[in-house]
Amino acid sequence: GKYLEGGRAARGQLTDQRFACRILEGELRFNMVNAVCLGVIHKVPAPGGLSAVGGTGSEYFYYDNGIISDDKLGTAEFTAYVQKDKSPDGNFHRCATDEGEKKVEEGTHEKKTISIDLSSLLKKFTDEDCPVLMKTLGLPGEPIPVWWTADMINASSGECWTAVLVAEQKWVIGEFNCSCVGISKCLPACCKPDTPNVSWKDIPAEEAVHATKYGDIVGKEAAVLLGVGESKMEAAPLVEVAALPAESAAPPAEEATRYPVQWAHMVDVPEMYQRRLCDVPETHRRAMQMSAFLQLGALIEKVVKVFQYEDKFSKKVVTKDSVNLYHINDLFVMPLTDQAKCSFMELTAKAAQDPLWFVSHWWGTPFFDTLRMMRLHAERRGLASDACYWMCTFANNQHKLAELSEPGVLATPFAKAIMNPACVGTVAFLDEENATPFTRIWCVLEDYVTIQYGVTKQTRQLFDCCTIIPAGECEGFDGSRNDRCAGILLDQGNGDTADGGCDLEDPAAAWFPGAVSVKAFRLDVRSAHATVESDRTNILRLIGDRADEVNTCMRRMFWSSAAYMAVTDVASEEGTKNMLVELLDTDLLTKDEMLSKLEEEGCVADAASYVLSRKGNTDCLRHLLEFKCDPNNVSSDDRSGLQNAFECGSWDNARLLLDFGADPQHKKPSGGQALEKKHIKHKKEKIPEDIQDALRAAGFTP
């Protein structure tokens with residue numbers, strides 16, 4: 001009744017209009033923000049009805065204008081099954097769509113299709129009508145509303161449901177709304193007598209995402225009117241992440257800034273994150289239990305499944321596979337700690353927690369890859385779920401980062417955490433293939449403290465490395481390939497490392513990628529970079545003239561894995577004699593140490609022929625033998641070089657091995673011979689004569 005109150009004298013909100021019978025074909029609601037159309041809803045009254053108001057059984061059809069998809073308005077079509085004869089009220093009503101075909105067969109209804117050129121209609125409305133709209137309404141000094149709708153009805157002459165050429169259609173405004181605009185996709189949250197307790201959470205997830213986008217756009221435009229924002233109408237409508245922060249800290253926030261939990265309307269904030277549980281003034285004692293990381297992962301997975309959040313740089317919606325610590329800082333860390341202005345760790349623990357392991361990482365690594373590497377590391381090191389890992393994102397108070405500017409390296413929270421007596425080691429979580437932490441200055445600082453000062457602790461600081469091994473990276477001798485998995489190098493306590501296998505059912509199905517080892521071997525502290533150049537300058541100043549010591553320690557750590565890649569990855573540009581020469585022509589290790597490591601890796605055996613599908617790397621094999629490697633070397637799977645060469649028919653490599661003294665009757669650790677007749681029974685007729693002669697000379701009859 002409020003629409004009528006006061007009548008025309010009180011500027012009542014109703015205008016007398018002739019009845020447009022084509023209301024039965026539906027009305028078009030143009031959803032507007034300023035003079036920009038977000039989309040159109042075709043609202044068709046329920047069978048037998050005249051009103052398309054929500055809750056009356058009317059049907060809504062949504063047409064996006066590039067807001068929730070890339071689709072722009074085009075032509076809309078609607079098919080109805082309409083009475084052949086008028087109803088008592090003088091109109092041609094439609095029946096329920098699912099009853100239509102039956103009604104047509106019975107002869108009471110006929111199939112009708114209407115077509116609407118939404119694109120042309122919108123252009124006329126925005127180009128010709130909107131510029132004069134407020135003046136026409138008698139409000140020349142008022143701005144066009146920030147959020148409003150216009151409902152249009154086809155007022156073309158002729159009976160309802162009769163075809164009218166698109167170009168000849170006449171549409172009129174039946175209603176404006178700007179004081180009570182609703183988002184139709186929120187109708188499931190509308191309380192009615194039969195659903196008195198529904199809420200936002202009853203809206204289907206996809207519909208809620210769409211509604212949120214509309215709300216975000218309206219909010220930004222409202223801020224513009226209030227003078228506190230810039231118009232985003234030309235920008236992508238999704239929520240954007242903040243600019244990338246420095247590796248170990250988010251951008252400083254003004255004290256008054258608020259960080260709303262943007263996803264709280266779709267996923268309940270767990271009680272554990274609703275209040276601060278402890279106050280830990282010493283940042284280096286803010287480690288989190290592994291179980292806390294996994295709990296956070298479960299929440300993140302639930303949120304990104306229903307809440308669309310766009311990465312500022314890629315313009316792609318963040319998913320479980322892509323969400324990283326930059327996104328997590330914006331979506332979870334800053335908002336959930338905003339009220340208490342504390343670190344995230346202080347929401348999860350009841351008291352200080354000293355680190356057992358320090359995590360060196362890059363914020364851009366997919367978070368669920370990080371969790372996968374953490375699980376593998378904990379398993380290989382025999383750690384329980386309450387083992388504490390120190391990770392800067394959650395240990396630092398992202399609202400107050402002043403302590404990161406300490407002038408001395410050992411005064412930073414990173415160094416204090418590493419040097420904490422409870423901390424037994426540093427583990428580097430390396431992103432797939434790129435090993436980005438080795439190129440980031442903050443990670444270099446952590447490596448430096450671990451290597452330079454970790455040896456001064458009562459028990460030497462360990463340094464493990466985990467990474468993600470791409471699917472198909474590792475090929476077994478039978479030609480099988482690995483699934484995507486996590487791999488690990490374990491510090492043996494003396495500066496050397498051992499491959500700890502992978503997290504697949506068969507731990508030997510994949511091994512630490514040689515490509516990552518090569519990147520680490522070529523590490524140069526001085527070339528590391530940072531998002532904030534001043535960070536790089538300050539950290540290099542702290543490291544001073546010890547950069548070469550850090551380079552040496554890191555290169556030594558990855559030498560063995562890089563050498564193995566050089567002799568086996570013949571399909572790679574790194575799998576060349578040049579790479580091997582670079583590795584052997586170094587003073588990182590003594591020659592005896594190199595020979596020992598090459599022996600342990602099985603380099604000679606696998607260079608002879610790595611897999612059935614390849615013929616080995618003859619150049620590298622020759623260089624290894626000339627370097628005085630043992631020609632009777634056996635690989636980790638108990639295969640000799642001769643066995644590999646003969647089974648694959650790699651005669652150049654077999655000839656090389658025999659020339660350098662390989663003994664076909666050499667006893668392998670397993671007890672078998674280096675070469676047995678079963679290895680060559682299918683190849684006898686193909687064995688070159690000179691090789692057969694060499695075998696006989698060695699006392700072996702082929």
Side-chain angles (χ1 to χ4, degrees), residues 248 282-293 345 352-362 365 369-395 409-410 412-431 435 437-438 440 442-467 486-503 512 516-517 520 523 549-550 552-561:
S248 298
E282 297 171 297
T283 307
H284 62 280
R285 302 192 67 197
R286 296 183 195 147
M288 275 172 46
Q289 294 184 2
M290 186 173 71
S291 59
F293 285 101
M345 174 271 179
Q353 294 180 159
D354 291 314
L356 185 61
W357 283 86
F358 177 93
V359 177
S360 180
H361 63 110
W362 173 49
T365 301
D369 282 352
T370 294
L371 293 184
R372 185 169 190 175
M373 290 185 277
M374 184 180 288
R375 287 191 188 96
L376 175 62
H377 181 260
E379 180 183 332
R380 293 294 187 270
R381 286 297 182 183
L383 307 179
S385 62
D386 61 354
C388 290
Y389 288 85
W390 195 97
M391 191 178 291
C392 63
T393 316
F394 308 106
V409 62
L410 294 181
T412 63
F414 307 94
K416 288 182 178 179
I418 293 170
M419 298 304 291
N420 188 316
C423 186
V424 301
T426 297
V427 55
F429 290 154
L430 310 175
D431 52 315
F438 291 144
R440 308 300 289 180
W442 282 102
C443 297
V444 166
L445 173 63
E446 295 154 3
D447 299 341
Y448 168 70
V449 173
T450 298
I451 292 168
Q452 185 65 37
Y453 295 101
V455 295
T456 67
K457 298 174 67 173
Q458 187 171 0
T459 301
R460 176 186 171 277
Q461 184 87 352
L462 298 174
F463 194 173
D464 293 343
C465 287
C466 293
T467 192
I488 188 169
L489 283 181
L490 296 168
D491 191 328
Q492 300 301 289
N494 59 359
D496 291 334
T497 58
D499 196 312
C502 67
D503 63 352
F512 202 84
V516 172
S517 298
L523 167 75
E549 295 177 32
V550 179
T552 297
C553 289
M554 290 295 292
R555 291 170 182 173
R556 179 187 173 97
M557 181 177 178
F558 289 93
W559 189 92
S560 298
S561 178

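Note that the numbering runs from 1 along the sequence shown for the chain.
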Short side-chain to backbone donor-acceptor contact, D503 and L376, under 3.5 Å
no
Any non-hydrogen side-chain atom of W390 less than 4.5 Å from a side-chain atom of T283?
yes
Are the side chain of T467 and the backbone N or O of L430 linked by a donor-acceptor pair below 3.5 Å?
yes
Does any non-hydrogen side-chain atom of C423 lie less than 4.5 Å from one of Q461?
yes
Within the structure provided, determine whether F463 and C553 are in side-chain contact (heavy-atom separation under 4.5 Å).
no
Y389 side chain reached by L383 side chain, heavy atoms, under 4.5 Å:
yes
Please answer whether the main-chain N or O of F394 pairs with a side-chain N or O of R286 as donor and acceptor at a distance below 3.5 Å.
no
Do V427 and R381 make a side-chain contact, defined as non-hydrogen atoms from C-beta onward lying under 4.5 Å apart?
no
Are Y453 and I418 close enough that some pair of their side-chain heavy atoms sits under 4.5 Å apart?
no
Please check this pair: side chain of R380 against backbone of C502, looking for a donor-acceptor N/O pair closer than 3.5 Å.
yes
A side-chain contact here means heavy atoms from C-beta on lying under 4.5 Å apart; do D464 and W357 qualify?
yes
With the side chain counted from C-beta on, respond yes when F414 and T426 share a heavy-atom pair under 4.5 Å apart, and no when they do not.
no
